[in-house]
Amino acid sequence: MTTYGYHGRYLRVDLTGARGEYVEIPSDELRGHLGGSGLGTRLLLDSGAAQADPLSPAATIAFVFSPLVGSPLTTSAKFAVVSKSPLTERINDSLASSHFAIAGKKCGCDAILISGQADELSILVIDDGQVCLEPAGDLHQTACSLAEKQLKARFGNDFHFAVIGSAGENLVRYATISHDGRHAGRGGSGAVLGSKNIKAIAVRGSQRTAWADPDGLVKYAKGLSEKSFGPATAKYRELGTASNLLVFNRLSALPTKNFQQGSFVGAETLSPESMLQAREKTRASCAACTIGCEHLYALKPSAAGGFAQEKSSVRLEYENLFALGPLCGIADADVVLSASQRCDELGLDTISTGGTIAFAMECAERGFMDEPWLQFGDGDALLRAIELIAARDGFGDALAEGSRRLADRVGQDTIDFAPQVKGLEIPGYEPRALQTMALGFAVGTRGADHNRSGAYEADFTDKVDRRNVTTDAVKFAIESEDKAAIMDSLILCKFLRGVFEDFYAEAATMLRLVTGWAVSPDELRDTARRIVSAKRQFNIRAGWTPDEDTLPQRFLGTALPDDPRAVLSATRLDELVAEYNRQRGWAGDDG
Amino acid sequence: MPTIHVEFFGIPRSRAGLSKIELEFDEPGVSVADVIRRLGKQFPKLADDCITGSALRDGYIANINGQIFLRDGKQRLYDGDRLLLLSADAGG
């Protein structure tokens, strides 16, 4: 029987034996988890990955596609990288957009599950489903963009690549996987690949899936593309995500100096509005995307502090900007752009990099560690720390472990202000000023996460009092998490969310046109809950306990210094989490 | 007579062509809708993309004094109030 949109199987790769085999995925498992994040979690649960050391040969890392990959639907060229995180030791699903998704699915599979370990630094080559390893010694410690360039020259343009930088090779716990210059960024999937001695994955394929209703799909896709040019995405097209900076600063929601403040005096100079006047900028799009949210800013060679610059421009997103700017007290746009570019080239998650360095800066400032060179506002220190982290050189070895492990090492209750939940550094949303988001961070299965929970959306409406939320806000956090579970499993870009008038109905339509399944909006709501539950189940098997669903002490009971009304008590957060569990139908300590 | 300070962010800033403006009104009892209507007349590009009549288009939202978000224009403003106009989507 033809399963439209799917191949109905995954490719299981054992690196130790350098072999691969297709494994059937039951149709009900596909329909019940869709693809991407949901299907990846299901497959990892079945493989026993939750119990394995994430950096051991026994660990499994999955590259998961979706039924929409390869379709004409805008933003659908996406894949999820799912594994147990070496940073959090909980579920990690990082999403990214690139031609790797399309080429990988054309290898005749809906996912690639990789376990084992290569004998030496290698390239995993998957050519239309045929698996082999090739030596990658010549790419040892090569920067991401250069590695991709060299791989293109070696394999040809019909291959597409996912690569790690030196951070991944050196097992930095928040290393990324890069492809087409974009990154599966959070949670350290690059270190998982590095632990397996895989520098790069090269994919090429010829196997396409059929669509149930090709004419209907093309017509729907055309309409969706037209809507994607509308006002709902104007912010992303014209200014990019970086335009959050001034808004958040104005609302005292911009994390500054390791979350010691909610606003930053240098915000105006770092804003895209200011930078547009000072430097050239170009726009770009992910593969198969009509929005074009990428904004690339010119780099000044002199700003790199003597470190290498592989490119003359750098992509700037709000999260890079906040983490490498205000969070570290840096107001120099050239430094932030250079730091961002170095993170991209070394393969470092910018949020965890900035968060860990900012935490260390505060520790140094308060005398908890003897690293006097690490000072808020010192651009040279930021750039130096980034290089040390990627190389695990000197103090960089401790920074490469992330803020939670660094706090454990420093002791003296510094864990109280380590900016993380479950070990994942907090993104650029101040929890005291955005308290629906605070709940989203606390209960997030991946840790502090603005992609698996967009609970901040409620904080930017009249539905809640963002600085004094009640349990009435819980339903918004759940709605956001459920919606994200579907978007991350279909997989579509979240910047489309404002385009849909009725998300579940339109998602059901897309799925029906591709797969032929008569999926209802209610079935998709059930699917969302199933996916969120599966992630929680993974975490329970990995050792999760209820006391992980909280925030660091810094955020509890003490007002944000620059906004005295922004207070979140520990009791209130406990009430929110308890109500969240009640509405999810979960007892606090089980799935 | 009330003076209302308007701050523009993101797309509203780019359409208005400035980051802030002070608006003086002759009568007390100014509403958010009154301010938005005035802005629409004063800034044609802002009117084209962000305003419909005396309300903001979908995708945009107002905030008073950094405190309260609102979608309708009935809320009364007082002398010295600051009205923020911004994109509704805060995704990053």
Side-chain angles (χ1 to χ4, degrees), chain A residues 230-253 263 268 271-274 276 293 317-322 351 427-429 433-434 437 450-451 454 456-467 493-499 501 563 565, chain B residues 4-21 31-33 36 40 43-53 55-77 80-92:
Chain A
T233 59
K235 166 192 152 179
Y236 299 114
R237 288 197 311 272
E238 295 188 33
L239 294 164
T241 57
S243 67
N244 284 348
L245 191 83
L246 290 181
V247 175
F248 283 33
N249 189 57
R250 179 64 178 81
L251 300 175
S252 297
S263 55
E268 191 72 43
S271 71
E273 291 89 340
S274 296
L276 277 171
C293 72
E317 304 290 348
Y318 169 66
E319 294 297 339
N320 306 23
L321 186 58
F322 115 87
I351 300 173
Y429 299 78
L434 304 167
M437 188 72 244
H450 66 295
N451 283 319
Y456 57 80
E457 288 177 52
D459 290 318
F460 283 82
T461 68
D462 54 2
K463 296 174 185 169
V464 302
D465 177 352
R466 65 186 173 88
R467 295 175 298 182
C493 177
K494 293 201 181 64
F495 295 165
L496 277 178
R497 63 193 158 195
V499 163
E501 289 175 21
D563 185 357
R565 280 198 58 203
Chain B
I4 306 300
H5 306 265
V6 181
E7 301 178 28
F8 302 99
F9 295 89
I11 298 297
R13 181 185 287 199
S14 107
R15 298 300 184 268
L18 71 177
S19 62
K20 57 189 173 186
I21 189 172
S31 69
V32 171
I36 290 174
F43 300 103
K45 287 182 182 173
L46 185 71
D48 286 346
D49 291 348
C50 308
I51 290 173
T52 173
L56 294 174
R57 290 184 185 276
D58 285 347
Y60 301 96
I61 194 162
N63 179 290
I64 301 175
N65 298 324
Q67 316 269 334
I68 307 163
F69 283 100
L70 39 92
R71 288 305 305 266
D72 72 49
K74 294 175 191 165
Q75 179 82 29
R76 186 169 174 172
L77 298 171
D81 272 347
R82 307 190 83 84
L83 185 70
L84 284 55
L85 300 186
L86 49 140
S87 299
D89 195 330

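Source: prediction; values computed, not measured. In what follows, chains carry the letters A, B, and so on, assigned in the order in which the sequence lines appear, proteins first and then strands, with residues in each chain numbered from 1.
- You'll find the ring centres of A/Phe322 and A/Phe248 outside the 6.0 Å limit.
- Note: B/Ile11 leads B/Asn63, B/Ile68, B/Ile11 in heavy-atom pairs under 4.5 Å with chain A.
- Counting heavy-atom pairs closer than 4.5 Å to chain B, the top-ranked of the candidates A/Ala242, A/Ala234, A/Gly498, A/Ala232 is A/Ala234.
- Atom CZ in B/Arg82 sits 12.5 Å away from atom CG in B/Leu77 (nearest 0.5 Å).
- When heavy atoms are compared at a cutoff of 4.5 Å, B/Ser14 approaches chain A solely by way of its side chain, counted from C-beta outward.
- If you tally non-hydrogen atom pairs under 4.5 Å between each of B/Gly66, B/Ser19, B/Cys50 and chain A, the highest count goes to B/Gly66.
- Taking the side chain to side chain donor-acceptor pair (under 3.5 Å) definition, one finds that B/Arg13 meets it with A/Glu268, sequence neighbours left out.
- With a threshold of 4.5 angstrom between heavy atoms, B/Leu86 approaches chain A through side-chain atoms but not through N, CA, C or O.
- Contact annotation: the side chain of A/Thr241 approaches that of A/Phe495 to within less than 4.5 Å [non-hydrogen atoms, C-beta and beyond].
- A/Asp459 is not listed as a side-chain neighbour of A/Tyr429, based on a closest heavy-atom distance of 4.5 Å or more.
- Proximity to chain B is limited to the side chain of A/Leu239, based on heavy atoms less than 4.5 angstrom apart.
- The part of B/Ala88 that comes within reach of chain A is its backbone (N, CA, C, O), which places non-hydrogen atoms under 4.5 angstrom from that chain.
- Looking at A/Tyr456, the atoms closer than 4.5 Å to chain B (heavy atoms on both sides) all sit in the side chain, from C-beta outward.
- In terms of non-hydrogen atom pairs under 4.5 Å with chain B, the most contact-rich of A/Arg565, A/Glu273, A/Arg497 is A/Arg497.
- In this structure, the portion of B/Glu7 lying under 4.5 Å from any heavy atom of chain A is its side chain and not its backbone.
- Residues forming a side chain to side chain donor-acceptor pair (under 3.5 Å) with A/Ser274 (at least two apart in sequence, or on another chain): A/Ser271.
- Put simply, of A/Thr233, A/Leu245, A/Val247, the one with the most heavy-atom pairs under 4.5 Å next to chain B is A/Val247.
- Side-chain contact check for B/Phe69 versus A/Leu251: some heavy-atom pair is nearer than 4.5 Å.
- When each of B/Asp58, B/Leu84, B/Ile61, B/Asp49 is scored by its heavy-atom pairs under 4.5 Å with chain A, the top score falls to B/Leu84.
- In the model, B/Asp89 has a side-chain atom that pairs as donor or acceptor with a side-chain atom of A/Tyr236 under 3.5 Å.
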